[in-house]
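Comments concern the structure below.
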Amino acid sequence: MRRTYLSTGYMSSNSVLKHTHFLYWATGITNTNLFELQRFQHCRYQSWTVGDSLPDIQHAKSVKDGSLHHLNVRNYVLNLYTKSKNLDYAHKLFGEMPERDVRSWTILTSGFARSGACRMVLELFKEMQVERVCPNQFTLSSVLKSCSALSDFRMGKGIHGWILRNGIDLDVVLENSMLDVYVKCGALDNAERLFETMKDRDTVTWNIMMGAYMRIEDMEKALEYFRRLPSKDVGSWNTIVYGLMRNGDERCALELLYEMVENGVPFEDVTFSVALGLASSLYVLELGRQIHSRLVRRGIENDGFLRTSLIDMYCKCGKMEKASVIFKRTRLRTKSKFTCDETKTEIVSWSSMVSGYVRNGEHEYALLTFRSMLREQIMVDRFSVTSILSACANLGILLLGQNIHAHIQKIGYILDVHLGSSHIDMYAKCGSLNAAWMIFKQTNDPNVVLWTSMISACALHGQGREAIRLFELMIKEGIKPNEVTFVVVLNACSHAGLIEEGCNIFSLMKEVYGIKPGSEHFTCMVDLYGRAGRLDETKEFIHANGISHLSSVWKSFLSSCRLHKNLELGKWVSENLLRLEPSDEGPYVLMSNMCAVNHRWEAAAQMRRLMQQRGINKVPGQSWIQLKNQVHSFVMGDRCHPHSTEIYSYLDELIARLKEIGYSTDAKLVMQDVEEEQGEVLLGHHSEKLAIAYGIISTASGIPIRVMKNLRVCSDCHNFIKYTSQLLFREIIVRDLHRFHHFKHGSCSCGDYW
DNA sequence: CTAGGGTTAG
């Protein structure tokens with residue numbers, strides 16, 4: 001299916017659509033109190049576990065009845081504040097306590113540990129040592145958990161030594177925590193040694209060891225531990241199945257899942273969740289359905305965690321309606337939300353739906369869901385922000401993207417890898433390469449995805465050399481490129497005509513990085529040769545690599561034939577493509593236009609009829625431009641726009657002026673090149689011309705014009721825009737299906753090579 | 001110890 005940036009449903013109802021200031025419109029509130037709203041949401045999310053201000057009441061009571069001077073009462077109050085997550089206040093109280101015992105320390109450390117303030121825990125532990133308070137099992141457990149979260153090997157080992165020196169009895173739980181510290185710090189030797197000396201081992205112990213090896217992707221070793229396990233309970237099965245899945249070995253995971261069923265291991269909630277995850281990462285809807293029906297039979301399909309797993313499964317398998325049904329049921333059930341868990345479930349459900357719509361290309365629904373989310377005052381966390389930015393990127397709605405950027409800055413989210421790359425992508429796809437650079441520099445993280453996003457941004461704007469420079473810099477920085485990186489770089493090469501560089505990178509990928517080229521990489525190479533006009537080499541490449549079964553390869557080849565006007569070859573390529581994908585529109589349009597060029601009108605019409613008979617639909621070309629708070633969209637020959645008369649008369653006048661400085665419309669040339677929009681082109685005007693004309697008459701001179709199009713720009717329009725930019729001294733930026741064109745002083749950033 | 005939502009390409 002062709003991917004368009006904008007499905008017609010969104011725009012077609014009216015060619016004029018208001019949708020900027022999306023956030024304000026959605027919530028009906030102003031910029032400033034939006035921030036308040038978010039703050040409120042954050043508070044609500046945290047304090048819901050408590051429900052009321054019980055600590056304050058108790059505190060006041062104890063002060064009033066004078067019992068606060070008792071250590072026990074003070075510890076009780078401390079505990080109340082800690083449990084209700086008023087950690088700052090608890091800490092203050094703790095500091096004011098005239099005397100403390102181990103329990104006081106335990107209460108505070110476990111409180112900080114629970115809320116993830118690990119550094120604080122370690123600080124407290126150090127203070128404890130200074131005050132010579134002997135830690136109990138509970139304190140040690142919290143401290144060890146913090147060590148493992150922070151990968152603080154020195155502290156962990158120190159504690160271990162201290163325990164051994166003082167002859168403190170380690171129970172399994174504590175020993176497991178100790179084991180976990182070593183594993184998280186990557187000290188597998190220490191972990192092994194401890195494991196071998198342990199007298200009691202429970203499931204958790206084995207799980208930690210299996211997890212340790214799965215983390216370093218040593219599945220052999222993990223499986224070895226699994227086989228060694230004397231009595232396997234569900235937990236261990238869960239761990240191994242999940243681990244295999246995470247490491248991308250879904251097949252093996254599935255086999256083990258079946259083995260579980262055969263051995264009669266009873267499933268628990270976690271198992272179902274893992275199984276659903278497996279179904280979605282394999283995109284096997286049937287498996288997901290089976291698990292769903294088992295959940296129903298067991299009567300646990302309403303469990304919050306499992307519901308979100310189900311929603312995700314249906315989203316990933318492309319069944320948005322199914323997901324939506326479960327989602328709506330969730331919404332009904334959690335109308336009265338009290339617990340933290342339920343709130344979390346709700347947030348996860350919403351963000352799953354948003355990301356599901358984005359994943360399935362239904363960006364408008366993603367925006368609508370996001371809007372409802374704001375209305376319902378659901379906390380917008382990093383996950384949903386990432387997804388919604390992706391929707392903005394694909395729809396090209398810069399303003400909403402900027403709003404969200406500003407918004408998350410106010411909330412104070414740090415740009416991590418996910419947020420960073422989605423911002424880069426959003427700015428790049430919305431035409432603001434500078435802003436993308438700014439974000440990239442700001443993140444300063446040696447992460448592949450981040451760098452790949454930036455390389456892709458350069459490629460998108462036709463900066464092939466810059467893309468390669470960044471790629472080389474990336475390697476110099478010691479970041480290992482992945483398959484996607486190579487797709488992006490090769491793409492940059494092909495669009496900038498950097499053939500030699502592309503070939504070198506292709507072999508670098510195979511030989512140095514040991515990445516087996518996939519269909520995407522082959523297609524890039526075919527594009528590289530073909531686009532440069534080396535059509536014979538393209539043919540050779542296809543045969544040499546045995547990739548004639550890939551339709552994407554032939555599609556790319558066909559574009560090259562069209563680009564270089566080699567109709568003979570184009571016909572042959574079309575035949576090959578039609579064999580593989582009879583429903584692809586490319587060959588029909590090409591052949592029909594070929595006939596038209598040779599004035600074989602009847603044959604051309606016949607080809608068109610054949611297309612209709614076979615139900616092959618051509619995506620209509622659409623262009624849109626955003627002026628102030630409105631989006632104006634146009635299709636070819638469109639007369640729906642309120643200013644259509646002005647637009648057309650201006651356009652005719654403009655074309656006449658352009659012809660004076662050398663622009664010409666060669667009917668033959670247009671015919672051959674028209675990819676998507678058919679022969680009527682000569683009578684009407686392509687949508688981008690309309691959008692640009694409207695942009696020019698509606699804005700002051702000197703203001704750059706930004707237009708988006710859902711298809712490729714044809715060469716006549718490209719030429720037209722070049723001359724326009726020269727004549728009017730206007731910068732014109734066009735985003736087409738594949739890339740950006742920056743027109744300035746009569747030339748285009750793509751170097752006429754797109 | 002093990003389970004749910006996110007980013008890059010075509």
Side-chain angles (χ1 to χ4, degrees), chain A residues 2-3 148 173 176-177 179-180 183-184 202-212 214 233-243 245-246 267-278 280 303-313 315-316 341 344-356 358-359 381-390 393 415-426 428-429 447-457 459-460 481-492 518-524 527 552 555-556 737-738:
Chain A
R2 175 177 297 277
R3 188 172 155 202
S148 89
V173 179
N176 284 342
S177 304
L179 205 56
D180 189 51
V183 167
K184 292 274 160 62
D202 62 2
T203 320
V204 179
T205 320
W206 289 91
N207 288 349
I208 292 173
M209 290 312 284
M210 287 192 292
M214 289 189 297
D233 73 352
V234 216
S236 325
W237 284 94
N238 293 340
T239 310
I240 198 81
V241 173
Y242 179 66
M245 186 180 95
R246 287 274 304 249
F267 276 32
E268 53 180 24
D269 290 4
V270 180
T271 326
F272 283 112
S273 198
V274 172
L276 283 170
L278 201 51
S280 50
D303 173 77
F305 216 113
L306 292 176
R307 255 191 331 230
T308 51
S309 301
L310 276 171
I311 291 176
D312 181 53
M313 186 275 292
C315 285
K316 295 235 169 85
D341 278 353
K344 180 83 191 283
T345 296
E346 183 151 14
I347 294 170
V348 174
S349 311
W350 281 92
S351 83
S352 297
M353 290 305 290
V354 173
S355 76
V358 173
R359 181 188 296 272
D381 65 1
R382 330 173 68 93
F383 289 86
S384 351
V385 169
T386 310
S387 300
I388 210 68
L389 279 174
S390 181
L415 290 186
D416 63 354
V417 174
H418 289 284
L419 282 177
S421 17
S422 51
H423 269 97
I424 292 173
D425 189 50
M426 183 275 292
K429 288 202 178 126
N447 174 280
V448 224
V449 180
L450 214 48
W451 283 69
T452 306
S453 304
M454 197 57 228
I455 294 173
S456 160
L460 193 66
N482 65 17
E483 320 77 57
V484 182
T485 318
F486 281 105
V487 176
V488 170
V489 179
L490 288 175
N491 214 294
S519 61
E520 297 91 348
H521 303 106
F522 285 127
T523 309
C524 285
D527 209 56
S552 57
K555 274 183 207 169
S556 161
L737 180 60
H738 299 296

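The chains referred to below are lettered A, B, ... by the order of the sequence lines, with proteins before strands, and numbering in each begins at 1.
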For a quick check of understanding: with a heavy-atom distance under 4.0 Å over all strands, which category does [X] fall into, base, sugar-phosphate or nothing?
X         : answer
Gly211(A) : nothing
Asn176(A) : nothing
Val484(A) : base
Gly304(A) : base
Thr205(A) : nothing
Ser352(A) : sugar-phosphate
Thr523(A) : nothing
Leu179(A) : nothing
Thr452(A) : base
Ser387(A) : sugar-phosphate

Phosphate OP1/OP2 of [N]: any [X] side-chain N/O under 4.0 Å:
X         : N       : result
Asn447(A) : dT7(B)  : no
Arg246(A) : dT2(B)  : no
Lys429(A) : dA9(B)  : yes
Ser355(A) : dG6(B)  : yes
Ser390(A) : dT8(B)  : yes
Tyr242(A) : dA3(B)  : yes
Lys555(A) : dG10(B) : no

Name the closest nucleotide to the [X] side chain, picking from [options].
X         : options                 : value
Asp425(A) : dA9(B), dT2(B), dG6(B)  : dA9(B)
Ser453(A) : dT8(B), dA9(B), dG4(B)  : dT8(B)
Val348(A) : dG4(B), dC1(B), dA9(B)  : dG4(B)
Ile208(A) : dG4(B), dC1(B), dG10(B) : dC1(B)
Asn491(A) : dA3(B), dA9(B), dT2(B)  : dA9(B)
Ser422(A) : dG4(B), dT7(B), dG10(B) : dT7(B)
Asn207(A) : dC1(B), dG4(B), dG10(B) : dC1(B)
Asn238(A) : dT2(B), dG5(B), dA3(B)  : dT2(B)

Nearest whole Å is fine: how far is [N] [atom2] from [X] [atom1]?
X         : N       : atom1 : atom2 : answer
Asp202(A) : dT2(B)  : CG    : P     : 13 Å
Ile455(A) : dT8(B)  : CD1   : C1'   : 10 Å
Phe305(A) : dT2(B)  : CZ    : P     : 12 Å
Asp416(A) : dT8(B)  : CG    : P     : 13 Å
Leu310(A) : dG5(B)  : CG    : C1'   : 14 Å
Asp527(A) : dG10(B) : CG    : C1'   : 10 Å
Trp451(A) : dA9(B)  : CH2   : P     : 18 Å
Met245(A) : dT2(B)  : CE    : P     : 13 Å

**Request:** Take Ser236(A) and Asp233(A) through the side-chain hydrogen bond (donor to acceptor under 3.5 Å, both in side chains) test and state the conclusion after the steps.
**Result:** CA-CA 6 Å; Ser236(A) 325; Asp233(A) 73 352; 3.1 Å; yes

Does any donor-acceptor pair link the side chain of [X] with the base of [N] at a separation under 3.5 Å?
X         : N      : value
Ser309(A) : dG4(B) : no
Asp381(A) : dG6(B) : no
Thr386(A) : dG5(B) : no

**Item:** Worked verdict on Asp425(A) versus Ser453(A) for side-chain hydrogen bond (donor to acceptor under 3.5 Å, both in side chains)
**Value:** CA-CA 6 Å; Asp425(A) 189 50; Ser453(A) 304; over 6 Å; no

**Request:** Tell me, with the steps shown, if Thr308(A) and Thr345(A) meet side-chain hydrogen bond (donor to acceptor under 3.5 Å, both in side chains).
**Result:** CA-CA 7 Å; Thr308(A) 51; Thr345(A) 296; 5.8 Å; no

**Request:** Please answer whether the main-chain N or O of Thr386(A) pairs with a side-chain N or O of Ser390(A) as donor and acceptor at a distance below 3.5 Å.
**Result:** no

**Message:** Tell me whether the ring of Phe383(A) lies stacked over the dG6(B) base, given a 5.5 Å limit on centroids and a 30° limit on the plane angle.
**Reply:** no

**Prompt:** Stacking between Trp350(A) and the base of dG5(B) (centre distance under 5.5 Å, interplanar angle under 30°)?
**Reply:** no

**Asked** Looking at Lys316(A) and Asp312(A), does any basic side-chain N land under 4.0 Å from a carboxylate oxygen?
**Response** yes

**Prompt:** Under 4.5 Å between any side-chain heavy atoms of Pro481(A) and Phe486(A), yes or no?
**Reply:** yes

**Request:** Can you see which heavy atom on Phe272(A) is nearest to which on Leu306(A), and at what distance?
**Result:** CB-CD2, 3.8 Å

**Asked** Within a reach of under 6.0 Å around CZ of Arg382(A), are more than 12 heavy atoms found that belong to other residues, nucleotides or ligands?
**Response** yes

